[in-house]
Amino acid sequence: MAKKKNAVNAKNIVIFGAMGAGKSSLINLIADKKIAKTGSDLKRCTLTWTKHVLPQFFDDGMQCNIFDTMGIENPELESDEYHRSIKNASRLLRKLDECGGTSLLVYCVKKQRVNSALRNNYQLFHDVLYQRRVPIVMVVTCLEDEKVMEEWWTRNRASLEEFQIAVKGHACVTTLKDRDVMMKYKTSREVVHGLIRQHAAITPVSGEWKQEGIVSAFMRRFRQPDPEDKDKEDKLQEDLEGQCGMKKELASKVAKAFVYT
């Protein structure tokens, strides 16, 4: 009698960061081939999110699903774009919950000085949306001009600590596959593979963001929201204001978009 095939087990990895940070290029580095469209291919790279499947990525044969998210803009400068990013993040978290949860957050950062915008994006995903329950790592890109890529981390470690950006692990990389930096490219790919394999949670974590039902949407329209949803909205708004430094009006708008999307 033929044995039944085991159900496909997969770990869901979410890559997030500002627009232009190199998220799609990082995915191509991980896959060692072009599977994600980069900024040179599209005027607006990632409008929602894109799922990329890497079969048998992990040592135990588990599949890796990588989700390339929409770039996060500065909420003070691009509030409409930021609001759209939040709505898409909301839909993605609900989708991931349906697929078993999230195993790892990968914060993709382009070589730059550490600043409050870097901290705010970190806090939005790690502290607020996932309530610090999902492991997070950082990958710093565009370091091909560094003699030793790891030196970026050495120079900026104190600033990261000052801005309270704490990650489980990091990688300083180049995603350029040019002949002049081929050794750095190969090293970068190995380091990122090791980072993901080491820190992806054994048991995926649910964001616990349920899809709003028809009845709930109807009641909310008539100013009678579900008490549980209203509690989540108020807590999220409080976190966005307190931890991400968001202004009250925008925080309220973002909280509503996330809870009721």
Side-chain angles (χ1 to χ4, degrees), residues 11 13-32 36 38-39 45 54 57-59 64 66-69 71-74 102-130 132-201 243-245:
K11 292 187 178 182
I13 313 299
V14 175
I15 296 182
F16 73 98
M19 185 178 177
K23 297 182 296 296
S24 297
S25 295
L26 174 58
I27 291 170
N28 293 335
L29 171 74
I30 295 168
D32 198 27
T38 59
C45 306
L54 301 179
F57 176 85
F58 293 95
D59 294 336
C64 179
I66 298 180
F67 291 83
D68 181 8
T69 62
I72 306 168
E73 301 302 313
N74 186 328
T102 306
S103 294
L104 184 67
L105 294 172
V106 177
Y107 189 6
C108 182
V109 176
K110 189 175 182 179
K111 177 180 69 172
Q112 64 182 66
R113 291 184 62 183
V114 178
N115 54 33
S116 59
L118 202 69
R119 178 195 60 202
N120 291 345
N121 286 342
Y122 163 86
Q123 290 178 329
L124 173 65
F125 270 81
H126 183 244
D127 296 353
V128 178
L129 302 184
Y130 276 102
R132 302 182 181 181
R133 293 183 293 115
V134 177
I136 183 170
V137 297
M138 180 181 287
V139 177
V140 185
T141 64
C142 299
L143 294 173
E144 54 275 357
D145 292 333
E146 293 275 354
K147 185 175 181 180
V148 178
M149 293 186 290
E150 182 65 20
E151 287 183 355
W152 184 95
W153 192 266
T154 303
R155 291 196 306 271
N156 290 278
R157 183 195 297 271
S159 296
L160 290 166
E161 292 175 355
E162 181 182 345
F163 279 96
Q164 298 181 321
I165 299 174
V167 293
K168 294 291 185 182
H170 71 274
C172 295
V173 307
T174 179
T175 59
L176 285 182
K177 205 174 182 179
D178 293 349
R179 181 181 300 177
D180 293 342
V181 292
M182 185 54 67
M183 285 302 299
K184 288 182 178 178
Y185 172 88
K186 291 179 178 178
T187 299
S188 297
R189 183 167 177 264
E190 291 173 2
V191 170
V192 173
H193 277 208
L195 189 70
I196 293 174
R197 287 170 175 151
Q198 179 180 354
H199 294 289
Q243 297 186 46
C244 298

Atom pair CG/CZ of D127 and R133 - distance to nearest 0.5 Å: 12.5 Å
Examine distances only and state if a side-chain atom of K184 and a backbone atom of E146 form a donor-acceptor pair shorter than 3.5 Å. yes
Just to verify, which of L26, V14, I27, V106 counts as forming a side chain to side chain contact (heavy atoms under 4.5 Å, CB included) with I66? I27
Can you tell me how far the NZ atom of K110 sits from the OG1 atom of T175, to the nearest 0.5 Å? 10.0 Å
Smallest separation among heavy atoms of A36 and S24, with atom names: CB-O, 3.7 Å
Spatial distance of atom CD1 (I30) from atom CD1 (I196) [nearest 0.5 Å]: 4.0 Å
side-chain contact (heavy atoms from CB on, under 4.5 Å) assessment of L29 paired with S188: CA-CA 8 Å; L29 171 74; S188 297; 4.1 Å; yes
Taking all atoms of both residues into account, what is the closest heavy-atom pair of I13 and A200, and its distance? CD1-CB, 4.2 Å
Please find the pair of heavy atoms, one from L143 and one from M149, that lie closest to each other, and give the distance. O-CG, 3.4 Å
So which atom in A31 and which in L54 form the shortest heavy-atom distance, rounded to 0.1 Å? CB-CD2, 4.0 Å
Should Y185 and D32 be marked as a side-chain contact (heavy atoms from CB on, under 4.5 Å) after you check the CA-CA gap, both sets of side-chain angles, and the distance that decides it? CA-CA 10 Å; Y185 172 88; D32 198 27; 2.8 Å; yes
Ignoring hydrogens and geometry, is there a side-chain-to-backbone donor-acceptor pair from D178 to D180 under 3.5 Å? no
Using modelled atom types and a 3.5 Å cut-off, is there a donor and acceptor pairing between side-chain atoms of H199 and backbone atoms of I136? no
Hey, are the side chains of V114 and E162 touching, using non-hydrogen atoms and a 4.5 Å cut-off? no
Rounded to the nearest 0.5 Å, what separation is found between the NZ atom of K177 and the CZ atom of R189? 8.0 Å
What's the shortest heavy-atom distance between A117 and Y107, and which atoms? O-OH, 4.2 Å
Sidechain-backbone polar pair: K23 side chain, I15 backbone, donor-acceptor under 3.5 Å: no
Below 30° counts as parallel, above 60° as perpendicular, anything between as tilted: where do the rings of H170 and W153 land? parallel
When you measure from the side chain of Y122 to the backbone N and O of V167, does any donor-acceptor pair fall under 3.5 Å? no
How far apart are the C-alpha atoms of F163 and L118, what are their side-chain angles, what is the distance that settles it, and do they pass the side-chain contact (heavy atoms from CB on, under 4.5 Å) test? CA-CA 9 Å; F163 279 96; L118 202 69; over 6 Å; no
Quick one: does F16's side chain get under 4.5 Å of L124's, heavy atoms only? no
What is the distance from atom CZ of R155 to atom CZ of R157, rounded to the nearest 0.5 Å? 13.0 Å
Given side-chain contact (heavy atoms from CB on, under 4.5 Å), test Q198 with V137 step by step and report yes or no. CA-CA 10 Å; Q198 179 180 354; V137 297; over 6 Å; no
Flag yes if more than 12 heavy atoms outside Q164 fall under 6.0 Å of its CD atom; otherwise flag no. no
Is the backbone of G17 close enough, under 3.5 Å, to the side chain of N121 for a donor and an acceptor to pair up by distance? no
What is the distance from atom SG of C172 to atom NZ of K111, rounded to the nearest 0.5 Å? 11.5 Å
Using the rule side chain to side chain contact (heavy atoms under 4.5 Å, CB included), only one of T154, N156, V148 pairs with W152; which is it? N156
